[in-house]
Amino acid sequence: MRVMVTGAGGFLGRQLVQRLLESGSLRGHRIEALVLLDQRLDGFAADHRLRLLEGSITDPTLLRRALADGMDVVFHLVSIPGGAAEREYGLGHQVNLLASLELLDQLRRTARPAVLVYASSVAVYGADLPKRMDEGLMPRPALSYGAHKLMVETQISDLARRGEVDGRVLRLPGIVARPREPNGLRSAFMSDLMHALAAGEAYECPVSPSATAWWMSARCCVDNLLHAAELDNPGAQPIWQLPVLQLSVAQVVEALAEAFGDDRRELVSYQPDAGLEALFGRYPPLRTPLARTLGFRHDGSAQALVRNALSATSRRTHAIERTA
């Protein structure tokens, strides 16, 4: 079993790599090689299974090197986040669209179809969502990031139809809790809020307490990525909207106060940005019966979301985990 992870040096990629190394197998076979591709790949412990390839995914030669010995499963995570892709259109176009299409073209030329798990995004739906929605809603991207994700989804579906790539597409919600550093994500407030209150720091929230978003911990997201790779029969249209927790900011603050102390509620002030809230603070309840039937899941509750996203942050959280 040969596995590749693009964007392996990122927040989600590192957690996925760790899980793959710990499990040691995928799709019933022992992992013999785990190829990591990213601009920088610092901090990975020595392991004979790892092959580190540093460079840009926009380099076709680097992709050919990565795929030279064949690949059984590819997790394609690398992307320029939405806010950064909107500011720097050329960079987003190169990484999010053209490099993804080049990867797909190289994969379809291999001796046998590889399993490709693609991290798409709820950004494909755009803004002005209905008051209630399900996984059948027609995508209408409002940002270039979402448009490029949708284009790649379409190409994966076409290659799956042709039997050239065994593609599986997951539309990811806001994944928390990302490190507190500039990352180009306009939804970064979701993670920043959690980190600030866990650390007992004041936080000025750029959306209102009633703003609703779709939330998922990185731990749960990795579970879903691995589950997608393991499915034996993904069906004719393997594009899935993952189940999500639809929570208001106030609900998340309440769960953080339960985990870290009642004083956390007083640490939050609000300065809503109307434009930001229109894009990232008005997500409706979302039904995903198809994804649930296939075994995909969300964290379960706001309290579980906090435990899963910040499980190593404080002793009190560890205590909650022991008694849950």
Side-chain angles (χ1 to χ4, degrees), residues 11-12 14-15 18-19 81 83 122 129 131-132 172-224 242-288 297-324:
F11 165 68
L12 196 57
R14 287 182 180 274
Q15 297 198 37
Q18 185 61 36
R19 289 279 291 279
V122 297
L129 300 177
K131 291 183 179 180
R132 292 183 178 274
L172 305 186
I175 307 300
V176 293
R178 295 177 181 275
R180 298 173 73 182
E181 58 188 27
N183 55 26
L185 285 166
R186 297 194 67 190
S187 59
F189 69 89
M190 297 169 68
S191 294
D192 292 346
L193 169 69
M194 299 182 82
H195 283 303
L197 298 201
E201 299 171 2
Y203 182 71
E204 184 178 281
C205 187
V207 298
S208 66
S210 61
T212 54
W214 293 339
W215 305 71
M216 180 176 289
S217 71
R219 178 188 297 180
C220 182
C221 184
V222 169
D223 287 343
N224 285 314
L242 290 180
V244 300
L245 283 176
Q246 188 248 12
L247 298 170
S248 69
V249 169
Q251 287 175 295
V252 174
V253 169
E254 185 63 28
L256 288 162
E258 290 179 25
F260 296 99
D262 294 341
D263 62 317
R264 265 49 176 183
R265 297 184 188 89
E266 310 305 319
L267 295 175
V268 188
S269 59
Y270 296 92
Q271 287 290 335
D273 177 322
L276 184 68
E277 186 155 337
L279 283 173
F280 298 103
R282 296 179 185 168
Y283 282 99
L286 172 62
R287 293 183 65 254
T288 54
R297 65 179 186 85
H298 55 54
D299 285 272
S301 67
Q303 291 74 19
L305 174 77
V306 168
R307 290 198 301 269
N308 290 340
L310 298 170
S311 59
T313 304
S314 80
R315 294 180 181 178
R316 184 166 184 176
T317 306
H318 287 307
I320 292 171
E321 289 181 328
R322 287 195 296 271
T323 59

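None of these values were measured; they are calculated from a predicted model.
- Between Trp214 and Pro284, the closest side-chain pair of non-hydrogen atoms falls below 4.5 Å.
- Applying the side-chain contact (heavy atoms from CB on, under 4.5 Å) rule to Ala278 yields the partners Arg282; only residues at least two apart in sequence or on another chain are considered.
- Between Phe11 and Ile175, the closest side-chain pair of non-hydrogen atoms falls below 4.5 Å.
- Asp192 meets the side chain to side chain donor-acceptor pair (under 3.5 Å) test with no other residue; sequence neighbours excluded.
- Proximity of Cys221 to Gln15: side-chain heavy atoms (C-beta onward) are nowhere separated by under 4.5 Å.
- Applying the salt bridge (Lys or Arg N to Asp or Glu O under 4.0 Å) criterion to Glu201, with sequence neighbours excluded, gives Arg180.
- Taking 4.5 Å as the limit, every side-chain heavy atom of Ser191 sits out of range of all side-chain heavy atoms of Leu193.
- In this structure, Asp299 and Met216 have side chains that are in contact, with non-hydrogen atoms separated by less than 4.5 Å.
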Report the C-alpha distance between Leu267 and Tyr203 in whole Å, list the side-chain angles of each, state the deciding distance to 0.1 Å, and finish with yes or no for side-chain contact (heavy atoms from CB on, under 4.5 Å). CA-CA 6 Å; Leu267 295 175; Tyr203 182 71; over 6 Å; no
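- Under the salt bridge (Lys or Arg N to Asp or Glu O under 4.0 Å) criterion, Arg265 pairs with Glu254, Asp262, sequence neighbours left out.
- Within the model, atoms CG of Leu172 and CG of Asn224 stand 8.5 Å from one another, a figure rounded to the nearest 0.5 Å.
- A search for salt bridge (Lys or Arg N to Asp or Glu O under 4.0 Å) contacts involving Arg297 returns Asp223, not counting sequence neighbours.
- Contacts classified as side-chain hydrogen bond (donor to acceptor under 3.5 Å, both in side chains) and involving residues 266-278 (residues at least two apart or in different chains) are given here: Ser208-Glu277.
- No side-chain donor-acceptor contact under 3.5 Å links Trp215 to the backbone of Leu305.
- The structure places OG1 of Thr288 at 7.0 Å from NE2 of His298, a figure rounded to the nearest 0.5 Å.
- Side-chain contact between Val207 and Phe189 is present, with heavy atoms from C-beta onward closer than 4.5 Å.
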